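Please read the structure below before turning to the comments.
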Amino acid sequence: MKADQRTYEVVATADQGLPFVMVDETGVPVAVIADYLRELVASDCSPLTVRSYAFDLLTWFRFLLVEEVDWEQVTRTQVRDYVLMLRSAVNPQRRSANPEGQVGRGSRTGKHPRSPGYAPATINHRLAVLASFYDFSKRTGAGPLVNPVPGPGPGDRNMRHQSPLEPRTPSRRGSYRQKTPELVPRAIPDDLYHEVFEALASDRDRAIVALLVSSAARATELLGMTATDVDWGGQRIRLIGKGTRQPEWVAVSPDSLMWLGRYLARERPGLEPNGALWLTLRRPHRPLKYQALRAMLLRVNAKLGLDLVLHDFRHTCGIRLANDPSIPITDVQAHLRHRTLASSEPYRARRWSSRGRGCRRGSAPPACAR
DNA sequence: TAATCTTGCTTCTAGAACGG
DNA sequence: CCGTTCTAGAAGCAAGATTA
């Protein structure tokens, strides 16, 4: 079979032990990938992690098809060429959104336009997954004896014996790892927030947005809620945190509970205690999923000419709290459920928007709890 | 040597096309 | 209009190096 007739794709399975597989053009799973993904599952990795890693390996294997190199034959040279390709390639996901390299985003929110290529973070993600995959293959004996992906730090970990007599190599970015720009939390200015809220079409969406901005919940954390996760008297909701997967109670604003009450009373009769709190508006009434919620916000964006994302609501809450002088940064950390204070710090000293309007200290955050 | 900064890895969110 | 599919990218954390 010729190389240009071959291809791979990632498909979801019904198998809890292996939620995603990479199959070839005949639909047969690639054994080495399946083996590796099973290892991730066994190591208690989240299904979303398994999915993400499968897609990263997919692009690597497609690259090898073009290069006409077997996965177990590769050396550092192919990894270098892969990175060079990613650095210079046009990202197909960006092409239509940014047709002539024009500034397509951010006219009202001050967000920066994106480059037409792949982000440094994407290249680093690919490298991390690739290194992990070849590390696993080396242990099982299926892959090359030397990991083709250089390890952390300068030079090649595989070629360097770390003698305790020699000075430790300084911690610098490893070969091929890209510099990543500093991340800036984004807040929605009050006037824009109210405009967005007015544009919402249902009590469900008003409740969701009000809860997102007052609890600082991540989208999937909110979508995972059941009826038992609302403490009406204590004005709290229970969320399953990212990473830790621990349930935690989080304070919410009175108005968000008012909207939630209206949604439940009018649109959710007979809700079971353990039933999903959020359902799709149309039949069949399935639990609302992340992409469906995001589509709701995209429709609002289209109507108002905005470029908001769901995570902006979390940032908005964090920045409102962090810029209130009466609230200690450790309380901000607690409300955002950050494990480390370093994760909360970037929220401080940020302004209401990135357009340079002043920080309105003293004006109470209208929709943020506490 | 305590505080701060960098890096790499894991986990989740974002962008765009498409479908009913 | 409301939602799904297929990739891309940001967020959060811990460990180790660096700086104060």
Side-chain angles (χ1 to χ4, degrees), chain A residues 9-12 20 40 43-56 58-59 62 86 89 91-98 104-105 111 114-115 117-132 135 149-154 157 168-174 176-186 201-202 204-205 218-221 223-224 240-245 280-284 286 288-299 301-303 307-315 318 333 336-347:
Chain A
E9 62 180 331
V10 169
V11 295
F20 297 92
L40 294 178
S43 304
D44 198 29
C45 282
S46 144
L48 287 172
T49 302
V50 177
R51 182 171 179 269
S52 169
Y53 280 37
F55 278 111
D56 277 9
L58 172 70
T59 53
R62 284 178 175 171
L86 291 172
N91 181 347
Q93 192 175 84
R94 297 265 179 86
R95 195 152 35 195
S96 57
N98 201 0
R105 294 164 53 94
K111 292 181 181 179
R114 324 187 120 211
S115 83
Y118 288 90
T122 303
I123 299 176
N124 288 346
H125 196 191
R126 300 257 172 96
L127 283 173
V129 172
L130 213 51
S132 164
D135 216 42
V149 184
R157 181 175 54 183
R168 301 275 311 167
T169 48
S171 164
R172 267 182 285 154
R173 201 156 14 89
Y176 309 150
R177 267 73 174 185
Q178 312 292 300
K179 275 184 286 198
T180 51
E182 186 193 352
L183 299 170
V184 180
R186 312 162 296 259
S202 71
R204 181 198 70 175
D205 297 341
R218 302 174 183 93
T220 40
E221 292 173 341
L223 292 177
I240 309 288
K242 170 186 178 180
T244 66
R245 302 174 207 166
T280 55
L281 295 176
R282 280 191 319 204
R283 297 178 196 283
R286 286 177 285 209
L288 191 66
K289 292 200 291 184
Y290 172 81
Q291 295 295 349
L293 175 59
R294 181 166 175 269
M296 181 277 287
L297 183 60
L298 291 185
R299 289 189 289 273
N301 276 338
K303 184 154 44 165
D307 56 0
L308 298 176
V309 299
L310 290 169
H311 214 68
D312 289 345
F313 294 117
R314 177 171 164 85
H315 282 168
Q333 177 187 11
L336 294 179
R337 292 163 290 126
H338 284 146
R339 296 285 292 280
T340 59
L341 202 55
S343 296
S344 312
E345 288 287 355
Y347 290 85

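Computed over heavy atoms, backbone and side chain alike; hydrogens, waters and symmetry mates excluded. Fair warning: this is a prediction, and the values are worked out from it, not measured in the lab. Numbered from 1 within each chain, the chains take letters A, B, ... in sequence-line order.
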Please check the phosphate of [N] (OP1 and OP2 only) for any side-chain N or O of [X] closer than 4.0 Å.
X        : N      : value
A/Arg177 : B/dC9  : yes
A/Arg126 : C/dA8  : yes
A/His315 : C/dA11 : yes
A/Tyr118 : C/dG9  : no
A/Arg62  : C/dT7  : yes
A/Ser46  : B/dC12 : yes

Of the nucleotides [options], which has the atom closest to the [X] side chain?
X        : options               : value
A/Arg51  : B/dA14, C/dT7, C/dC13 : C/dT7
A/Ala292 : B/dT13, C/dA14, C/dT4 : C/dT4
A/His338 : C/dT5, C/dG12, C/dG9  : C/dG12
A/Arg282 : C/dT7, C/dC1, C/dA11  : C/dC1
A/His125 : C/dC13, C/dA10, C/dG3 : C/dA10
A/Ser52  : B/dT11, C/dG12, C/dT4 : B/dT11
A/Arg294 : C/dG3, B/dG15, C/dG12 : B/dG15

Inspect the contact between A/Arg337 and A/Glu221 and indicate whether a charged nitrogen and a carboxylate oxygen are less than 4.0 angstrom apart. yes
[Y] side chain reached by [X] side chain, heavy atoms, under 4.5 Å:
X        : Y        : result
A/Ser52  : A/His125 : yes
A/Arg204 : A/Leu288 : yes
A/Arg126 : A/Phe55  : no

Send over the distance from [X] [atom1] to [N] [atom2], rounded to a whole Å.
X        : N      : atom1 : atom2 : result
A/Leu308 : B/dG15 : CG    : P     : 10 Å
A/Leu297 : C/dC2  : CG    : C1'   : 14 Å
A/Phe20  : B/dT11 : CZ    : C1'   : 13 Å

With a 3.5 Å distance limit and no angle check, can you tell me whether A/Arg314 reaches the backbone of A/Ala219 through a side-chain donor-acceptor pair? no
Closest-nucleotide 5' rank along DNA chain B - winner of A/Ala128 and A/Ala219: A/Ala128
Pick base, sugar-phosphate or nothing for A/Thr59, based on heavy-atom distances below 4.0 Å to the nucleic acid. sugar-phosphate
